[in-house]
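A short write-up of the structure that comes next.
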Amino acid sequence: QVQVVESGGGLVQAGDSLRLSCAASARTFTTYTMGWFRQAAGKEREFVAGISWSGGITYYGESVKGRFTISRGYATNTVSLQMNSLRPEDTALYYCAATPRLSPRSEYDYWGRGTQVTVSS
């Protein structure tokens with residue numbers, strides 16, 4: 001059973017930064033591509049960022065490029081999403097996901113329960 005657990009969400013003001021973390025088992029972390037998605041109220045789920053198991057390939061959604069950074073912490077088996085220059089439109093439930101496929105743009109098979117990020121104007 002592949003399990004991922006998100007943490008780090010909260011309420012911030014526009015322009016602030018926030019760091020999300022996703023914890024996974026060691027086996028999942030070292031062999032799975034990991035990604036972050038978000039879903040705002042009344043909208044479809046949106047790809048935010050993904051990183052290959054090696055950390056060598058990353059992809060970002062157009063709306064977060066230059067502001068968000070995804071990274072792997074091999075010592076802690078976590079994937080982080082550093083979010084800078086947050087905007088009210090970044091408000092959403094953020095999900096961590098995992099896939100055994102190589103590309104971070106692949107279909108993801110395993111999902112966490114999400115962590116809420118709210119950005120006030």
Side-chain angles (χ1 to χ4, degrees):
Q1 183 74 16
V2 175
Q3 292 185 328
V4 294
V5 180
E6 307 94 338
S7 62
L11 172 63
V12 296
Q13 293 186 334
D16 285 351
S17 297
L18 198 62
R19 188 176 183 90
L20 304 183
S21 292
C22 174
S25 65
R27 180 179 179 277
T28 299
F29 183 80
T30 57
T31 60
Y32 279 65
T33 290
M34 306 293 292
W36 286 96
F37 292 75
R38 67 186 184 186
Q39 188 166 19
K43 295 187 178 181
E44 293 186 354
R45 188 171 61 199
E46 175 188 13
F47 173 79
V48 176
I51 187 167
S52 62
W53 64 267
S54 68
I57 303 173
T58 58
Y59 281 112
Y60 294 92
E62 287 296 324
S63 61
V64 305
K65 280 183 180 178
R67 299 188 298 124
F68 291 11
T69 303
I70 189 170
S71 61
R72 284 185 175 265
Y74 290 94
T76 56
N77 294 333
T78 58
V79 175
S80 297
L81 184 68
Q82 178 66 39
M83 305 185 295
N84 298 328
S85 302
L86 283 163
R87 305 166 180 168
E89 53 264 40
D90 294 318
T91 295
L93 188 61
Y94 283 71
Y95 296 93
C96 179
T99 176
R101 302 170 182 84
L102 176 62
S103 173
R105 292 292 289 168
S106 302
E107 180 180 354
Y108 285 73
D109 302 294
Y110 306 98
W111 296 82
R113 293 187 175 184
T115 185
Q116 179 68 36
V117 172
T118 303
V119 185
S120 64
S121 58

>> Any non-hydrogen side-chain atom of M83 less than 4.5 Å from a side-chain atom of D90?
In response: no
>> Could you measure the distance from the OG atom of S52 to the CD1 atom of I70? Nearest 0.5 Å is fine.
In response: 9.5 Å
> Side chains of Q3 and S25: does their closest heavy-atom pair fall under 4.5 Å?
Replying inline: no
> Does T33 reach the side chain of Y108, with side-chain heavy atoms less than 4.5 Å apart?
Replying inline: yes
>> Under the criterion side chain to side chain donor-acceptor pair (under 3.5 Å), I'd like the reasoning laid out for S63 against E89: C-alpha separation, chi angles, the key distance, then a yes or no.
In response: CA-CA 10 Å; S63 61; E89 53 264 40; over 6 Å; no
> Testing Y60, Y94, F37, Y95 for ring pair (Phe, Tyr, Trp, His ring centres under 6.0 Å) with F47, which one passes?
Replying inline: F37
> Closest heavy-atom contact between S121 and A14?
Replying inline: CA-CB, 4.4 Å
> Would you say R72's side chain and T30's backbone share a donor-acceptor pair under 3.5 angstrom?
Replying inline: no
>> Check for me, please, whether I57 and Y74 land in the same ILVMFWY cluster - side-chain distances under 4.5 Å, paths through other members count.
In response: no
> Is there a path of hydrophobic side-chain contacts, each under 4.5 Å between heavy atoms of I, L, V, M, F, W or Y residues, that connects V79 with Y110?
Replying inline: yes
> Just checking, any donor-acceptor pair under 3.5 angstrom between side chains of T99 and R101?
Replying inline: yes
>> Tell me the closest heavy-atom pair linking S103 and Y59, and the distance in Å.
In response: OG-CE1, 4.0 Å
> Is there side-chain contact between M34 and V4, with heavy atoms separated by less than 4.5 Å?
Replying inline: yes
>> Consider side-chain contact (heavy atoms from CB on, under 4.5 Å). Of L18, V12, L11, which one does V119 pass it with?
In response: V12
> For the residue pair D109 and P100, what are the closest heavy atoms and their distance?
Replying inline: OD2-CD, 3.0 Å
>> Can you tell me how far apart CZ (R38) and CD (E46) are? Round to the nearest 0.5 Å.
In response: 4.0 Å
>> To check you understand the geometry: which heavy-atom pair defines the closest contact between L81 and A49, and what is its length?
In response: CD1-CB, 4.1 Å
> Counting N and O atoms only, with roles assigned by atom type, does the side chain of E6 sit under 3.5 Å from a partner on the main chain of R113, one being a donor and the other an acceptor?
Replying inline: yes
>> Nearest 0.5 Å, please: how far is OG in S85 from CZ in R67?
In response: 7.0 Å
>> Just checking W36 against F68, ring centres under 6.0 Å apart?
In response: no
> If you look at every heavy atom in Q39 and K43, which pair is closest and at what distance?
Replying inline: NE2-O, 3.0 Å
> Under a single-linkage definition using a 4.5 Å side-chain heavy-atom cutoff for Ile, Leu, Val, Met, Phe, Trp and Tyr, are L93 and V48 assigned to the same hydrophobic cluster?
Replying inline: no
>> A side-chain contact here means heavy atoms from C-beta on lying under 4.5 Å apart; do P104 and I51 qualify?
In response: no
>> Quick check: closest heavy atoms across L102 and W53, and the distance to 0.1 Å?
In response: CD1-NE1, 3.9 Å
